[in-house]
Amino acid sequence: MLEEDKLSYDETDADGQNAADQDCEPEEEDGSWYEGLPIVSTTEALALVEGANSGGLRRSIADLVLNFDDISVDSVSLHNLTNVFLTSHDFEYALNLAKLGLDRFPRSVTHLADAVQACARLGRIEEGMAFVNQALEIRMDRWDWYLVVWVASFFKYSLDSLPDDECEALVSKAVDILNSYEACHAFDERVRNQKAEVLAAANHMAEAAEELEDAIFSPQRTPIDKSMTLMPASQCCMTYLQLFGSTVAARKIGDVARRGYASLAQNHQSASASAFLLYEAFALDSEISNQREYADGFGNETKVTQLLDAYEIAYRQADDEETRELIRQRFDVACSRAHLKNRTLE
């Protein structure tokens, strides 16, 4: 299954469920519009749901799937149908469809992940934990990334609504699960990043920093030839910069930014490239600005050239005018402090 079909979370919309309910207000559409409609499978239901122009229509089609046993159900189309409701923030219906998936395919890691995700978004901790425990009955080497990321996200959601003593037990369980997954899927930065995010969500910032720094800077054993080498770590680098970019030394920020950019190039990715380049430029700027002696700072031609080159590359990679304007301002200030009149971005 395509990764983009699986990843459906948008963790920024706290009012998503209300929006879904409002989308379903026209009750007259829910009654008889589908009478006699020849839906015989979840594949056909998915096609109709994807073409529906309101939440009410989508729910009516889902009701057919949920309430009529003679409709043919296959795992892939049912997951994709569930995903439509997850992405439209209709989490109650998504949960019902996920439960149907588990009723028909009891050990499906995909439908378990759908159920965990829906519970996380609905704030149903007890019910979600039951699905997590159900997932733990499956061998860890049979888990896929979709299940792992939503189990981790479920724990992060849950931390907001639990007392401190329960949070500590929850964090410990989450880290244990992620460690077990990592043991079966070595050399994958994503699980290290998830561990750090869980620790940070519980305000264990020192442990989160340690986890990220180890993933970023320490050689890891490769799963094939067992050699020790740095693994691609662009996600860990970006998380580190977002969490600690304003609290650690500029030199370390620059090191992390360069490592993140190199990881993107190693994986032939372009996403986040401009952000890493900009972090590196800001780190150099801060390092030079904090020099006590002018000759060691903006009077040092080598350092200033390195800084202006970094700003120039970041400027070319920036994908929005607001970022480009910020770079222009910082570039002009650097030129002014270094008494350079012949260097421009344009």
Side-chain angles (χ1 to χ4, degrees), residues 1-9 16-17 20-21 24 30 34-52 55-155 157-158 173 177 181:
M1 189 176 301
L2 293 177
E3 190 71 18
E4 57 264 33
D5 288 336
K6 287 187 171 184
L7 296 179
S8 60
Y9 52 96
Q17 185 63 42
D21 291 337
C24 300
D30 292 350
Y34 58 81
E35 287 182 3
L37 197 63
I39 296 178
V40 298
S41 69
T42 48
T43 301
E44 293 180 357
L46 174 63
L48 288 170
V49 163
E50 289 178 334
L57 297 183
R58 289 192 295 267
R59 286 186 172 191
S60 295
I61 298 166
D63 283 334
L64 292 175
V65 175
L66 292 167
N67 297 321
F68 290 91
D69 294 335
D70 56 348
I71 289 181
S72 174
V73 176
D74 75 87
S75 183
V76 173
S77 62
L78 181 57
H79 160 66
N80 289 334
L81 182 63
T82 306
N83 192 58
V84 171
F85 287 90
L86 288 168
T87 55
S88 60
H89 306 285
D90 197 343
F91 304 120
E92 194 70 54
Y93 263 72
L95 180 57
N96 290 334
L97 290 165
K99 288 178 178 178
L100 174 63
L102 290 171
D103 183 58
R104 299 294 183 93
F105 312 99
R107 296 179 68 80
S108 165
V109 294
T110 299
H111 296 298
L112 275 167
D114 289 338
V116 171
Q117 178 179 175
C119 286
R121 303 303 297 271
L122 289 166
R124 296 184 184 172
I125 299 175
E126 186 174 347
E127 189 174 9
M129 189 60 70
F131 288 120
V132 171
N133 290 331
Q134 188 177 338
L136 290 172
E137 296 175 3
I138 300 171
R139 282 171 40 184
M140 193 62 68
D141 61 353
R142 303 295 173 85
W143 282 38
D144 65 5
W145 179 245
Y146 182 51
L147 178 57
V148 173
V149 76
W150 270 108
V151 166
S153 296
F154 169 78
F155 284 116
Y157 273 100
S158 301
K173 184 168 185 173
I177 291 172
Y181 180 82

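Keep in mind that the numbers below use all heavy atoms, side chains included, and drop hydrogens, waters and symmetry copies. This structure is a prediction, so every number in the text was calculated from the model and none was measured.
You'll find the side chain of F68 stays beyond 4.5 Å of the side chain of D63, heavy atoms only. Taking 4.5 Å as the limit, some side-chain heavy atom of R124 sits within range of a side-chain heavy atom of L95. Side-chain contact between N133 and K173 is present, with at least one heavy-atom pair separated by less than 4.5 Å. Counting heavy atoms from C-beta on, the side chains of I177 and V132 come closer than 4.5 Å. Side-chain contact between I138 and W143 is present, with heavy atoms from C-beta onward closer than 4.5 Å. Here the side chains of D114 and N83 are not in contact, with every heavy-atom distance at 4.5 Å or above. Y157 is listed as a side-chain neighbour of R121, based on a closest heavy-atom distance under 4.5 Å. Under the 4.5 Å side-chain criterion, counting only non-hydrogen atoms from C-beta, L102 is in contact with F131.
In this structure, CD1 on I39 lies 4.5 Å from CG on L64, to the nearest 0.5 angstrom. Distance check, rounded to the nearest 0.5 Å: OG of S41 to CG of D70 gives 11.5 Å. For the atom pair E44 CD and I71 CD1, the distance stands at 9.0 Å (nearest 0.5 Å). In this structure, L66 CG and L81 CG are separated by 8.0 Å, a value rounded to the nearest 0.5 Å. Taking CZ of R107 as the start and CD of Q134 as the end, the distance is 9.0 Å to the nearest 0.5 Å. Atom-to-atom distance recorded for L122:CG and Q117:CD is 10.0 Å, nearest 0.5 angstrom.
The minimum heavy-atom distance linking D69 with R104 is given by the pair O-NH2, 3.9 Å. The heavy-atom pair separating L57 from A52 by the smallest distance is CB-CB, 3.8 Å. Between V65 and A45, the shortest heavy-atom distance links the atoms CG2-CB, 3.6 Å. Smallest separation of non-hydrogen atoms from M129 and F155: CE-CE2, 3.6 Å. The two residues A98 and A115 make their nearest non-hydrogen contact at CB-N, 3.6 Å. For the residue pair A135 and L147, the shortest heavy atom distance occurs at CB-CD2, 4.1 Å.
Ring centroid separation for the pair F105 and H79 does not come in under the 6.0 Å cut-off.
A donor-acceptor contact shorter than 3.5 Å links the side chain of T42 to the backbone of D74. Between the side chain of W150 and the backbone N or O of A120, no donor-acceptor pair lies under 3.5 Å.
Between R59 and D90 there is a salt bridge, with a side-chain nitrogen of the basic residue lying less than 4.0 Å from a carboxylate oxygen of the acidic one.
Residue L97 is tested with V84, L86, T82 for a side-chain contact (heavy atoms from CB on, under 4.5 Å); the sole match is T82.
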